[in-house]
Amino acid sequence: MVKFLFKRLGSSILVLFGVSILIFALARVIPGDPARIALGPTASAEQIAALRQDLHLDQPLIGQYAYFLEGVAHGDLGLSLYSQRPVVTDIRKLFPATLELVLWSGVLMVLIGLPLGIVAARYRDRAPDQITRIVALLGVVTPTFVWAIVLMLIFAYWWGVMPVAGRLSDAITPPRTITGLYVLDGLLTGNLAVAKDAAVHLILPSLALALSGIGQAARMMRTSMVETYSKPYTELARAYGLSERQINFKYALRPAMIPTLTVLGLDFASSLGGAFLVETVFGWPGIAQYGVKAVLAKDLNAIVGTVLVIAAFFLLVNTLVDLLVAFLNPRTRLQEAGA
């Protein structure tokens with residue numbers, strides 16, 4: 001398992017390095033002069049030239065990347081032209097909001113998607129299966145921003161039982177920052193009112209973000225469970241008189257979880273990059289929305305920093321999922337060890 005872990009971490013570092021080269025080059029071929037965009041149309045040629053020199057834009061592309069790597073080695077991603085603050089400061093401030101949103105959506109994917117798939121497989125070709133398949137299909141094919149608008153209209157506008165936007169109500173003071181996750185910080189500081197209010201604000205955006213993953217998890221879990229039911233060891237267990245409940249949770253669930261976890265992990269990891277639509281609809285102050293604004297302003301340092309954070313999160317989640325799959329299926333890590 002240790003060898004398996006180090007191989008995964010090594011490949012992730014190489015992928016992250018490749019992503020940094022790719023996004024660094026792509027950010028600089030986007031039409032428009034970052035210095036001109038940052039200073040505005042009234043800036044003089046001397047001011048633009050000075051800013052280009054400060055940003056090392058007057059250097060060859062390889063030289064610019066060398067300056068970038070030197071800054072990364074010192075924990076510096078440069079200055080954001082959009083916010084006029086260090087990119088590291090912006091990421092440190094905004095990333096916890098998006099992370100909290102993504103974590104809650106991941107919890108919903110597991111708590112709703114997996115049971116739906118299990119129920120659909122248990123009652124396959126009957127009413128619960130048909131209903132679950134329709135719900136899962138709607139979750140997959142409907143864009144995230146559509147779900148965000150629908151949920152807002154129903155629960156915030158028509159029924160008025162949920163907040164519309166933001167992480168906290170206006171009358172609530174944010175908790176003392178420990179992790180940056182308002183629900184957890186509220187619990188850690190003993191401020192249950194803050195934790196409750198933050199949790200309520202998370203329900204709609206996290207559900208909108210999770211619905212696609214819920215549909216994917218339900219469909220994959222159903223398919224895997226149905227396939228497992230036809231395996232010889234399942235038929236043997238049924239012949240020995242074991243109940244369907246015992247067969248479900250003792251023999252069918254674990255092997256069916258392996259492909260489902262892989263898909264679920266990919267959906268969860270990619271939700272960080274796709275959260276900007278939900279953040280825009282719900283006015284959520286997160287890093288995904290910050291990244292979109294950075295692209296529109298051609299804020300090179302912010303673009304690269306945001307993409308690297310999202311890529312690192314994706315690779316971290318992918319590595320954790322691989323470890324979990326290797327734990328559930330020892331053949332995976334044994335094949336890696338023998339490779």
Side-chain angles (χ1 to χ4, degrees), residues 94-117 119-120 127-174 181-184 186 193-220 263-264 266-293 295-296 310:
L94 299 174
F95 181 71
T98 302
L99 179 62
E100 187 172 38
L101 178 61
V102 169
L103 288 176
W104 275 64
S105 71
V107 171
L108 293 177
M109 290 179 195
V110 173
L111 295 183
I112 300 177
L114 298 187
L116 282 178
V119 170
D129 182 23
Q130 300 296 337
I131 295 173
T132 299
R133 292 165 71 177
I134 293 174
V135 171
L137 188 60
L138 284 174
V140 172
V141 302
T142 307
T144 303
F145 74 91
V146 174
W147 280 122
I149 295 173
V150 169
L151 292 174
M152 181 180 287
L153 284 174
I154 294 175
F155 293 99
Y157 181 71
W158 290 342
W159 293 351
V161 295
M162 291 291 177
V164 176
R167 300 182 69 187
L168 289 173
S169 301
D170 294 336
I172 301 293
T173 302
L181 312 179
Y182 279 2
V183 175
L184 182 57
V194 171
K196 179 182 177 181
D197 190 74
V200 171
H201 278 76
L202 274 163
I203 292 175
L204 292 186
S206 61
L207 180 59
L209 188 61
L211 279 170
S212 176
I214 290 172
Q216 291 278 25
R219 293 177 66 198
M220 181 59 69
V263 173
L264 196 59
L266 292 174
D267 284 335
F268 173 67
S270 61
S271 63
L272 184 67
F276 74 93
L277 292 172
V278 174
E279 290 183 354
T280 301
V281 173
F282 288 97
W284 197 264
I287 192 175
Q289 189 175 177
Y290 169 78
V292 173
K293 292 179 179 178
V295 171
L296 296 176
I310 294 175

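Taken from CZ in Phe145 to CZ in Phe282, the straight-line distance is 13.0 Å, to the nearest 0.5 Å. The OG atom of Ser206 sits 12.5 Å away from atom NE2 of His201, with the distance rounded to the nearest 0.5 Å. Rounded to the nearest 0.5 angstrom, Ile287 CD1 and Leu99 CG are separated by 10.0 Å. Here CG of Leu211 is found 12.0 Å from CD of Gln216. Values are rounded to the nearest 0.5 Å. Here the CG-CD1 distance, from Leu207 to Ile214, works out to 6.0 Å after rounding to the nearest 0.5 Å.
Shown here are the side-chain contact (heavy atoms from CB on, under 4.5 Å) partners of Leu153, two or more places apart in sequence or in another chain: Ile149, Tyr157. Partners of Tyr182 under the ring-ring contact (aromatic ring centres under 6.0 Å, His included) rule, at least two apart in sequence or in another chain, do not exist in this structure. Residues forming a side-chain contact (heavy atoms from CB on, under 4.5 Å) with Ala199 (at least two apart in sequence, or on another chain): Trp104, Val183. Every side-chain contact (heavy atoms from CB on, under 4.5 Å) that Val161 has, sequence neighbours left out, goes to Phe155, Trp159. Checked against side-chain contact (heavy atoms from CB on, under 4.5 Å), Val150 has the following partners two or more places apart in sequence or in another chain: Val146, Ile154.
Here the shortest heavy-atom pairing between Leu202 and Leu101 reads CD2-CA, 3.9 Å. Looking at every heavy atom in both residues, Ser105 comes nearest to Ala210 through O-CB, 3.4 Å. Closest of all the heavy-atom pairs between Leu94 and Pro285 is CD2-O, 3.5 Å. In plain terms, the two heavy atoms of Val194 and Thr173 that are nearest each other are CG2-O, 3.6 Å. Among all heavy-atom pairs drawn from Ala275 and Leu209, the shortest one is CA-CD1, 4.0 Å. Taking every heavy atom of both residues into account, Ala218 and Ala136 meet most closely at CB-CB, 4.1 Å.
Between Leu272 and Phe95 there is a side-chain heavy-atom pair separated by less than 4.5 Å.
For residues 202-218, no residue pair satisfies the salt bridge (charged side-chain N to carboxylate O under 4.0 Å, His left out) rule, not counting sequence neighbours. Sequence neighbours left out, not one pair with a member in residues 203-214 passes salt bridge (charged side-chain N to carboxylate O under 4.0 Å, His left out). Residue pairs meeting the salt bridge (charged side-chain N to carboxylate O under 4.0 Å, His left out) criterion with at least one member in residues 139-155: none, sequence neighbours excluded. Residue pairs meeting the side-chain hydrogen bond (donor to acceptor under 3.5 Å, both in side chains) criterion with at least one member in residues 270-288, sequence neighbours excluded: Thr98-Glu279. Annotation: side-chain hydrogen bond (donor to acceptor under 3.5 Å, both in side chains) contacts involving residues 127-147, sequence neighbours excluded, comprise Asp129-Arg222.
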Return all side-chain donor-acceptor pairs below 3.5 angstrom for residues 162-170, not counting sequence neighbours, or 'none' if the list is empty.
residue, atom, partner, partner atom, Å
Arg167, NH2, Glu100, OE1, 2.7
Arg167, NH2, Gly180, O, 3.0
Ser169, OG, Asp197, OD1, 2.8
Ser169, OG, Asp197, OD2, 3.3

